[in-house]
Number of protein chains: 2
Amino acid sequence: MSIRKSNSTNTLNEFYLDDRCTLNKVLRIIGKRWVSEVLVLIKQDVSRFSQLKECLNGISDNVLSNVLNQLVKTQLITKEIFNEVPLRVEYSVSSSGLELVNVMHDLCSWGKNHIPYEVRILPTYGKNTQSLMLDKDSNS
Amino acid sequence: MSIRKSNSTNTLNEFYLDDRCTLNKVLRIIGKRWVSEVLVLIKQDVSRFSQLKECLNGISDNVLSNVLNQLVKTQLITKEIFNEVPLRVEYSVSSSGLELVNVMHDLCSWGKNHIPYEVRILPTYGKNTQSLMLDKDSNS
DNA sequence: CTGTATCCGTTAGGATACTG
DNA sequence: CAGTATCCTAACGGATACAG
């Protein structure tokens with residue numbers, strides 16, 4: 001049920017962009033919420049489901065599970081299952097994942113240099129494009 | 001109308017992540033569809049609305065407009081309005097935007113090295129996480 | 001020509017309950 | 001403990017009409 005991706009414009013555009021440049025694929029992987037955080041946490045040896053959940057305030061099981069699966073599928077992390085009594089699973093970052101983390105570091109540096117800390121990125125598609133960002137009239 | 005961003009978990013999580021690391025802000029800017037493409041095109045001197053639209057197969061006015069506004073607000077590009085008869089507007093990439101483009105290049109390189117060309121990134125949140133990706137062969 | 005406003009479908013992302 | 005399945009909602013992304 002629920003055909004996840006119809007062949008309507010939305011999807012077509014996605015394909016179009018994917019073909020246009022690999023960058024779009026990359027961004028669709030790491031551009032999703034939580035993904036970068038999870039990746040970095042695992043790199044810092046937070047390797048178990050429950051630990052990750054603890055670190056990530058407010059993430060729900062479902063979402064964490066999806067993110068992990070996504071990362072495994074794209075081979076940014078690997079999953080190791082230990083058939084022990086209380087069942088243990090550990091994730092670790094692959095070499096390709098490590099490379100990616102490095103680039104993300106650059107990205108982060110850029111952000112620190114060019115986005116004021118207090119700025120909120122609220123994309124606000126559509127009409128009421130009120131910007132809570134970068135126009136700090138507020139001499140707060 | 002339509003409070004665009006309630007203070008429900010969704011938004012709270014976003015704030016949480018933004019506070020956690022600047023990287024999340026960066027990714028929310030450039031992780032949106034078309035954004036990277038538009039940025040790169042403008043860098044290549046495709047500086048006008050209609051030209052951009054021509055280059056970007058299938059983007060609609062609304063969306064292009066939003067993307068441009070977003071980029072202007074985050075100061076990745078600048079907008080120059082010429083009060084001529086048929087009204088001319090030109091966009092150009094700012095210095096900070098140029099820096100970002102460079103990092104995005106690295107990101108793209110990573111992708112070219114680590115994502116097979118034919119792979120489709122269809123995140124498929126939710127249940128039926130069938131992967132159209134990275135498990136080719138899969139003679140299910 | 002260069003957009004903005006409105007409306008609308010799809011999907012990402014979350015809450016919850018339940019399984020191995 | 002480590003997840004998956006189901007359902008739900010807001011927001012993204014798009015079409016269209018219209019305004020400056």
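This structure is a prediction, so every number in the text was calculated from the model and none was measured.
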(message) Can you list, in residue-number order, the parts of residues 42-51 of chain B that come under 4.0 Å of DNA chain C, counting heavy atoms only?
(response) B:R48, B:F49, B:S50
(message) C:dA12, OP1 or OP2 - any side-chain N/O from A:R28 closer than 4.0 Å?
(response) no
(message) Under 4.0 Å, heavy atoms only, any strand: does B:K53 hit a base, just the sugar-phosphate, or nothing?
(response) nothing
(request) Give a yes or no on whether a donor-acceptor pair under 3.5 Å exists between the nucleobase atoms of C:dT11, that is its base, and the side chain of A:N10. (result) no
(request) Check whether the side chains of A:E99 and B:H114 place a donor and an acceptor atom closer than 3.5 Å, and report yes or no. (result) yes
(message) Less than 4.5 Å apart, side chain to side chain, heavy atoms only: is that true for A:S92 and A:I77?
(response) no
(request) Looking only at non-hydrogen atoms, find the nearest pair between A:V26 and B:I115 and report the distance. (result) CG2-CD1, 4.0 Å
(message) Please determine whether a side-chain nitrogen or oxygen atom of A:N69 lies at a distance below 4.0 Å from atom OP1 or OP2 of D:dT4.
(response) yes
(request) Please report, rounded to the nearest Å, how far the P atom of D:dG13 is from the CG atom of B:L68. (result) 15 Å
(request) State whether B:Y91 places a side-chain N or O below 4.0 Å from either non-bridging phosphate oxygen (OP1 or OP2) of C:dG3. (result) yes
(message) So, does B:K79 get its side chain near the phosphate of C:dG3, meaning an N or O under 4.0 Å from OP1 or OP2?
(response) yes
(message) Within the 4.5 Å heavy-atom criterion, are A:L76 and A:V101 side-chain neighbours or not?
(response) no
(request) Look at all strands and tell whether A:F82 reaches a base, only sugar-phosphate, or nothing, counting heavy atoms closer than 4.0 Å. (result) nothing
(message) Taking only side-chain N and O atoms of B:T9, does any of them lie within less than 4.0 angstrom of OP1 or OP2 on C:dA15?
(response) yes
(message) What's the closest nucleotide to the side chain of A:V63 if the choices are D:dA2, C:dG3, C:dG14?
(response) C:dG14
(request) Classify the side chain of A:N62 and the base of D:dT6 as holding, or not holding, a donor-acceptor pair under 3.5 Å. (result) yes
(request) Taking salt bridge (Lys or Arg N to Asp or Glu O under 4.0 Å) as the test, write out the residues that go with B:E80, two or more places apart. (result) none
(request) Classify the side-chain pair A:N66/A:N62 by whether it contains a donor and acceptor separated by less than 3.5 Å. (result) yes
(request) Could you pull out the closest heavy-atom pair between B:N57 and B:W34, with the gap in Å? (result) O-CH2, 3.7 Å
(request) Considering just the side-chain nitrogens and oxygens of B:W34, establish if one lies under 4.0 Å of OP1 or OP2 belonging to D:dC12. (result) no
(request) Could you please name the option among C:dG14, D:dG20, C:dG3 that lies closest to any side-chain atom of A:S60? (result) C:dG14
